[in-house]
Every structure is written in C-alpha cells, then in structure tokens.
Protein chains: 2
Amino acid sequence: MTTIREVSKLANVSVATVSRVVNGNKWVSDKTRDKVLAAMSELGYQPNSFARSLATNKSETFGMVVGDLGGPFFGDMMNSAEDAIRKAGKHLIVTSGHDSVDSERGAIDFLLQRRVDGLLLHLDVLPDDDIISLSDRCGVPIVLVNRHIPELSNQCVFVDNDLGGYLATKHLIELGHSEIACITGPMYKKDARNRLAGYRSALEEAGLQYSDNLVIESDYTELGGKAAIDKLTRRNAPYTAVFAHNDHMAIGAMTSLKALGKSVPEHCSIVGYDDMVMARYVEPALTTVAIPVGEFGKQAAFLALKLSGEQNNQINHQFDPKLVIRRSTAPLKPA
Amino acid sequence: MTTIREVSKLANVSVATVSRVVNGNKWVSDKTRDKVLAAMSELGYQPNSFARSLATNKSETFGMVVGDLGGPFFGDMMNSAEDAIRKAGKHLIVTSGHDSVDSERGAIDFLLQRRVDGLLLHLDVLPDDDIISLSDRCGVPIVLVNRHIPELSNQCVFVDNDLGGYLATKHLIELGHSEIACITGPMYKKDARNRLAGYRSALEEAGLQYSDNLVIESDYTELGGKAAIDKLTRRNAPYTAVFAHNDHMAIGAMTSLKALGKSVPEHCSIVGYDDMVMARYVEPALTTVAIPVGEFGKQAAFLALKLSGEQNNQINHQFDPKLVIRRSTAPLKPA
DNA sequence: CTGAAAGCGCTAACAT
DNA sequence: ATGTTAGCGCTTTCAG
C-alpha cells in the first residue's frame, strides 16, 4: 500500500500538500495539484482511512444493526437508510445482531470501535435499560428503529402497532364479522402486545366481547400459524375471521384452513401484518397491514444525521401502518 | 472516548501493559491484569480500532459488495458469508454497488480504504478487465461471487448457468413439449447468455429446432415477463411451454398468460429460475431452477479466508443449479 | 513481568 | 501557495 509520503516524494512536494489535494483544499496551485494527482494515480494511492480517522477522530460513517441481513423486512430498510446516508456523503456499515443479546452487543461494540458517527439500531432482544445506558455512555448519537423507548423518545422511529391491530380488526368488523380470532406474536415482544391491544380496542369500540378463547399466542412463523388454527379447532371456538400478527402466520393459517376444507375468504376471512412480498402472491392475495419500511430506514437515517449535527431534516418519528385490502377478506355471509 | 492512556493512569501501569491485557498477552501478572481490567470497565474503555489497525496494518475485517442490500437473493448470501466469517473471528462489512460502474468502484474504494483483509465482490456491471487489474493492484485477495472470469478462475465462485438453462429446458422436453419459448435476461449479461446456451443445447440434444422467433430478450422484471408474452402473441408464435430466465419474469408471464385465458400448467407450462421465496407461494407454485445461494456466500467467505491465509478449507468453486419441480409444469396434452 | 519510546499514515496548526 | 511538525491511540521492539 502506498502512503502519502511516497506520493509526496514522487511529486516533489510535502505531505501536507498531498493531503490538501486529497481533501480538496483550495490553497493549492493548479500546477502542483496536477503533479500530485499524477503521482497519486501512478502509484494507485488510496488514502488510509484509519490514519485519517485517527487524526480527525471522525469516520464519516454510520453503523446499522439489523436482526438478520437476510430478512425481507430489513432489505428495504437497509437500502433506504443507505441511500439517505450516501446522499449525505457518508457511508453505512451494516451488521447483524442475530437475535441474541451477546451478538447484538458484539455488533454494537464492533461499530463503536470503528468510531461510527452514529448508530441505527434495530434491536430485537437487548433490554430497554441496556439501550438507555448505552445511549448515555457511548458518545455518539443512537437511533432506535422500530422500537419505542419512552426515555429515548426523540431517538426513536417506530410504527403505531396499536393502530395496526386496530385497523386490521376494524376492517373485519366492518365486513360484519364478530367472532374474530387473533393469532399473536410472542407476548414478550412489545409489537405483539400492541397489536393485540389494538385488536381489543377495535372490539371494544364495536361493543364486541373480547374472549381469551379466540386468542392464540404463536411465534411469527408459518408453522406457528398452522398450529394456531389446529388449537382453535381443538378449542372448538367458533370464528369467521382471523387476524394474524404477521403474514407468515396468516399464510400458515390459510393453509391449515384450506386443509380443513374451509375456503378463504368464503368461510373465513384472514388479515395479516407486514405486507411482505409474498402477500401479493399467495392465493387469495392477502389483506394485510403494511408498514412503510422504506420510509422507516430513511427517517432513521435522517434522524441519525440530524443528531450527529450533519443535517437538519424534519423528522417523522412515528409512522402509521396502512391497511392493504386484497382478497383474503370478504363480508360475512349469513350462516 | 477514553483512551488507553487514561486506563494506564488509573491502573498505575504503562500503556504497554494495558495493551497486553487487551490483547490477551501472557506476560502479565494476574494482579496487574485484574487492576487493568478493573480500570477498563470503570472507564468503559473501548479500544480504538483505527489506532489499532493503523499500528498493525490489519483490520480483521472483510468487505463485501452486493448489488443491492434489499435483494432477496443477496440476503441469504450476505447471511451465510457473514456467518462463515464471524466464525473465523473476523468481521464483514457489506456495501452495495447499486448496479452502476461508479458506485461499484466507490464501494470497492470505500472498503479498500478501510484496509479490509479481503474482498467478496458481487459485481454486476464492472467489466472483467477492470476487475483483473483491480485484483493485480489492490493488494488484498478478492473473490468474485456469481461470476466467472477465466483469468481469475481460482478466485471465483459461480454457478453453472448453462446447466441451469439445460435442466429447465430438458424438463420441459421430457414432459413432451417441443415448442418452448424462452424469455431471456438482458443479453449483455453473461448469466443470460449462458442460460440461453443451455436452452439451445437441450433443444439440440433432443433434435429440436431452435427458433429465434420463440426467444424474447427481456429485463428480469415481472413487467418484462408480461410484455414478453404479449410480444410472443403478436409474433403469432406457437408454444406450449415457457422457460423464463428468472422467477420475476416467469411470474409476469404467468399473469399475462392467465389474462389471455390460458391456464398454467394446463395450456402452458412455465419454468422460472432462482427459486425466490415467492416461487413457492404463487398459484400454481412455480417450477424453477434453484441456485444454492447460501452455499455460495459461504464458499466465497471460505475462499476469501483461505486466500488471505487465514484458513485452509476445501473450496467448491462451481455450483450446480437444481431443478425444483412444482406445479407450473405438466405433461403436454395432445391437442 | 513491566515500562519507555519509536513508529503506523494522516491532518491541522503554524511557519515561511 | 507550500513546507514543518506535533499529535491522533495503539502496538511493538527493546531495555530493564
């Protein structure tokens, strides 16, 4: 690797001059600049970002932690975050947290050691308290994606899951359904609790009775969705519609229902959550609650940029989910 | 940010000693080590990776460039690559190349400036020659993912697209089809040319006539797939099966076909390529050629590790695609 | 076992 | 307009 010193020798100038042209400083004569540029390209010079960052104490780089580099959900998020950050002339390093406290911590440490100018965190398992103390001591702005921690409110970008649950349920109610089953995510996750709360409030608003019997806690997987329907059957609970806390479970439920000889939406309506790609492709296409994932990543990036003093965009902290009506829901047929 | 010096002061030792305990050097007495460890945690000390890398001239980090952080294809690849690299005690920085020569170059420069120990490159547009010269001068091992450059053969990990095209076509032939349309990707891409070559060789092997009339060059998008069917219709070309160079186009074609009143697979069989998630969910589920994407990322990581002298795994350079038969293909019905 | 000191490559005053 | 030089925080001889 060639250094700035070698370039300076070849060009017959001082390292300071080379540094100036590398950094686009005005105070260099055109002639000198050309000489330096020539030397640089002759040597294939690449500035050493470590040395540079060490000297300036900034990296021009933001770090992002996502649950899993492969998640379809994260793809869009990373993309739009990177886009916004690139447009600000910075870079984004993405790492995955792998759904474990240790590796989430590890990912954060990794980024911190790289002295990122800010952190965009999508943390699944790290407890609130840890995040709060992290925010206090880490020295760089952190923004939380898809998570709301009251103490860190203005560092959060999140979606109103209560509203999502409410919208899904209300849609079903408006179609005439009154016996609506709910397949929830793991209840230790706030997302799931909020979606369930939305479900309850829609029920309540309509004067419908909430019944534990119709609620199955599951695990956000397709298999879990299937199993939930089986449980419902075993409980002998009557229902004409299902609200699943994500599309995976909704699709699993759909499969199970079909296997039971019930067709969707004729015998049973289904609403999912997330609006993943496959929601458009299943048969019937799934009615679901869409989260503006791209907007999410973008606003998180804006927020990080803002908190690090780079920009001053207007930030949108909370997003409203939107109901996307497709063909898995239909008016209740009189029995 | 607290430095090694502050820790050394608090612990009443020299910086060298602190450095030793940070790096797990044996030559430190337990007592001293404990003192230092205590000081470190009291100060919340995080080693500065820049200073460290500057001093050692290594980063313990590999860099990866993918076309687009959001691609479903890339998700698995990143995941398994990161996994393999993490298991080797290193880190992976992922950046996107955005399908443009400039940003692919920019992404590579970014990583090079971060002095990565190796580069995993999934390059869509950068020409072979540029890559070859890059490999010569960049000073770190580079491995090419999903691309075969003869001059850099042992730095490539790729899939046999000829075989993929052949398998897809042969499957259709075995089902009795002889008039098989082919919707290709952009022909400036080698992938597409190879898949087409596979198509031709399967035809040839079966003694079937190749006809330009049945080949439509498209763009790997769902819309492109739809348009291709329209073109075929306008050409008035008779066909009973379609081989599309990716699943997106296959699904687009399926939609178009249905709109034309032809049902799949009764009137027309369809084979896709890639085996993306949605292939399982469309109706009918798509027969397609699967690429072992995960294995890909993993082998690329192994290769990079090996070339950088870290490990010595046995590397698999070329992968065979596999035909996944689902329900979009069926035996030709006698007219 | 521990400390002192010389860099690693670059930036940013400060000189000239 | 250009050069000199003192760090940035850490690792690594080389001496104790």
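The figures that follow rest on heavy atoms only: side chains count, while hydrogens, waters and symmetry mates do not. Per chain, numbering begins at 1; letters A, B, ... match sequence-line order.
Remark: B:D109 does not engage B:R105 in a salt bridge, criterion side-chain N to carboxylate O under 4.0 Å.
Annotation: side-chain contact (heavy atoms from CB on, under 4.5 Å) contacts of A:I131 (sequence neighbours excluded): A:L123, A:L126, A:I142, A:L144, A:R147, A:I149, A:L152. For A:Y220, the ring pair (Phe, Tyr, Trp, His ring centres under 6.0 Å) criterion is met by no residue, not counting sequence neighbours. Listed by chain and residue number, nothing satisfies the ring pair (Phe, Tyr, Trp, His ring centres under 6.0 Å) test with B:H98 (two or more places apart in sequence, or in another chain). By the ring pair (Phe, Tyr, Trp, His ring centres under 6.0 Å) test, A:Y45 pairs with no residue at all, sequence neighbours left out.
The minimum heavy-atom distance linking B:Q46 with A:Q113 is given by the pair OE1-NE2, 3.2 Å. Contact detail for A:K298 and A:S80: the closest heavy-atom pair is N-OG, 3.8 Å.
Using a 4.0 Å cutoff to heavy atoms of chain A, the contacted part of DNA chain D runs 5' to 3' from D:dA1 to D:dG9.
For residues 293-316 of chain B, the pairs satisfying ring pair (Phe, Tyr, Trp, His ring centres under 6.0 Å) are B:F296-B:F319, with sequence neighbours left out. Residue pairs meeting the ring pair (Phe, Tyr, Trp, His ring centres under 6.0 Å) criterion with at least one partner in residues 8-37 of chain B, sequence neighbours excluded, do not occur; the list is empty. The ring pair (Phe, Tyr, Trp, His ring centres under 6.0 Å) contacts involving residues 55-78 of chain B comprise B:F74-B:H122, where partners must be two or more places apart or lie in separate chains.
Taking a 6.0 Å sphere around NZ of B:K189, one finds it holds more than 12 heavy atoms contributed by other residues, nucleotides or ligands. Enclosure of atom NZ in B:K306 by more than 12 non-hydrogen atoms of other residues, nucleotides or ligands within 6.0 angstrom is indicated.
A heavy-atom distance below 4.0 Å to DNA chain D is reached by these residues of residues 22-40 of chain A, ordered by number: A:W27, A:V28, A:S29, A:T32. Looking at residues 6-13 of chain B, you'll see that no heavy atom sits under 4.0 Å from any atom of DNA chain D.
Note: CZ (B:R20) to P (C:dT2) measures 8 Å, nearest angstrom.
Comparing the local axis fitted to the first five base pairs of the helix from C:dC1-D:dG16 to C:dT16-D:dA1 with the one fitted to its last five gives a bend of 40°, rounded to 10°.
The main-chain N or O of B:L69 is never found under 3.5 Å from a side-chain atom of A:E82 such that the two would form a donor-acceptor pair. Of the possible polar contacts, one joining the B:N23 side chain to the B:S19 backbone as a donor-acceptor pair under 3.5 Å is found.
In this structure, the separation between CG on B:N146 and CG on B:D191 is 5.5 Å, given to the nearest 0.5 Å.
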Under 3.5 Å between N/O atoms: give me all the protein pairs with nucleotides 5-9 of chain C, atom names plus distance.
from, atom 1, to, atom 2, distance (Å)
C:dC8, O2, B:A55, N, 3.4
C:dG9, N2, A:A51, O, 3.2

